[in-house]
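Below you'll find the structure, written out as structure tokens, and then a few comments.
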Amino acid sequence: QVQLVESGGGLVQPGGSLRLSCAASGSIFSIYAMGWYRQAPGKQRELVATITSGGNTNYADSVKGRFTISRDNARNTVYLQMSSLKPEDTAVYYCNADGIITLTTHYNNYWGQGTQVTVSS
């Protein structure tokens, strides 16, 4: 069975930095793409950044130049380095994995439980 576990969320002041981690566990052979999405109260979930196993990245315009996504394929872990944080970044951040391949099963659009990020002075 596959699990995605996020960590690193918390309270940070505007202009500060935070790094989120998401580790996929289980008998995983490969994961095509991993990414981060966020959902603020009263709003729909939106894409923040994605990265493929080959290193291709995609960012939302609102975070370009401030956030950096990376991954460690050997550890099936994806990271989100967030800098110059703004109050508008406050949301629950969810880890996503697409194209998870195990010996017996494949998964698409698999989600973690989410981690809260609050940007406030």
Side-chain angles (χ1 to χ4, degrees):
Q1 188 66 31
V2 172
Q3 284 190 320
L4 300 179
V5 180
E6 300 100 331
S7 62
L11 176 65
V12 65
Q13 292 183 326
S17 299
L18 207 60
R19 190 173 88 144
L20 306 182
S21 300
C22 172
S25 62
S27 299
I28 299 171
F29 178 76
S30 64
I31 303 174
Y32 170 66
M34 302 185 76
W36 291 94
Y37 295 71
R38 66 187 182 186
Q39 187 168 20
K43 297 185 178 180
Q44 294 190 7
R45 191 172 300 183
E46 64 177 356
L47 181 146
V48 177
T50 61
I51 184 169
T52 68
S53 60
N56 292 323
T57 58
N58 183 52
Y59 295 92
D61 288 341
S62 60
V63 306
K64 285 182 179 178
R66 299 190 298 120
F67 292 8
T68 301
I69 190 169
S70 61
R71 65 186 283 177
D72 185 336
N73 291 335
R75 298 180 180 180
N76 291 317
T77 301
V78 64
Y79 306 94
L80 186 69
Q81 178 65 51
M82 304 183 292
S83 300
S84 301
L85 283 162
K86 306 174 181 179
E88 306 94 273
D89 297 316
T90 296
V92 177
Y93 284 69
Y94 295 91
C95 180
N96 175 267
D98 185 56
I100 302 172
I101 305 298
T102 71
L103 287 175
T104 59
T105 314
H106 67 274
Y107 299 92
N108 292 322
N109 293 315
Y110 202 88
W111 296 94
Q113 82 286 351
T115 184
Q116 177 70 48
V117 172
T118 302
V119 184
S120 179
S121 61

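Residue indices begin at 1 and follow the sequence shown. Computed from a prediction, not measured in an experiment: that's the story for all the values here.
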Take F67 and L80, measure what side chain to side chain contact (heavy atoms under 4.5 Å, CB included) needs, and give me the verdict at the end. CA-CA 7 Å; F67 292 8; L80 186 69; 4.1 Å; yes
With side chain to side chain contact (heavy atoms under 4.5 Å, CB included) as the test, would you mind laying out the steps for V117 and M82 before giving the verdict? CA-CA 10 Å; V117 172; M82 304 183 292; 4.0 Å; yes
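If you take OG1 on T68 and OH on Y79, they are separated by 14.5 Å, rounding to the nearest 0.5 Å. With values rounded to the nearest 0.5 angstrom, I100 atom CD1 is found 12.5 Å from S27 atom OG. Q81 CD to S21 OG: the interatomic distance, rounded to the nearest 0.5 Å, is 9.5 Å. To the nearest 0.5 angstrom, Q44 atom CD is 8.0 Å from Q39 atom CD. Of the inter-residue distances, the one linking C95 atom SG with W36 atom CH2 reads 5.0 Å to the nearest 0.5 angstrom. Taking NZ from K64 and OG1 from T57, the interatomic distance works out to 9.0 Å, rounded to the nearest 0.5 Å.
Just one residue in the list V78, I69, T77, D98 forms a side chain to side chain contact (heavy atoms under 4.5 Å, CB included) with M34, and that residue is V78.
Sequence neighbours left out, not one pair with a member in residues 109-121 passes salt bridge (charged side-chain N to carboxylate O under 4.0 Å, His left out).
Of the possible donor and acceptor atoms, one in the side chain of Y110 sits under 3.5 Å from a partner among the backbone N and O of V2. At distances below 3.5 Å, not a single donor-acceptor pair connects side-chain atoms of T118 with backbone N or O atoms of T90. In this structure a side-chain-to-backbone donor-acceptor pair under 3.5 Å is present from E6 to G114.
Pairing each heavy atom of L4 with each of C22, the nearest pair is CB-SG, 4.0 Å. Considering every non-hydrogen atom in both V63 and V48, the closest pair reads CG2-O, 3.6 Å. Contact detail for I28 and T102: the closest heavy-atom pair is CA-CG2, 4.3 Å. L47 and A60 get closest at one heavy-atom pair: O-CB, 3.4 Å. In terms of heavy atoms, P14 sits closest to S120 at CD-C, 3.6 Å. Here the closest heavy-atom approach between residue Q116 and residue V92 is recorded as OE1-CG2, 3.3 Å.
Other residues, nucleotides and ligands contribute only 12 or fewer heavy atoms inside 6.0 Å of the CD atom of Q13. Remark: Q3 CD is loosely packed, at most 12 non-hydrogen atoms of other residues, nucleotides or ligands lying under 6.0 Å away.
Ring orientation note: the planes of Y94 and W111 are nearly perpendicular, at an angle over 60° on the 30°/60° scale.
Salt bridge annotation for K86-D89: absent, with no cationic side-chain nitrogen under 4.0 angstrom from a carboxylate oxygen.
Side-chain contact check for T50 versus Y37: some heavy-atom pair is nearer than 4.5 Å.
Note on I51: it clusters hydrophobically with Y107, by side-chain heavy-atom contacts below 4.5 Å among ILVMFWY residues.
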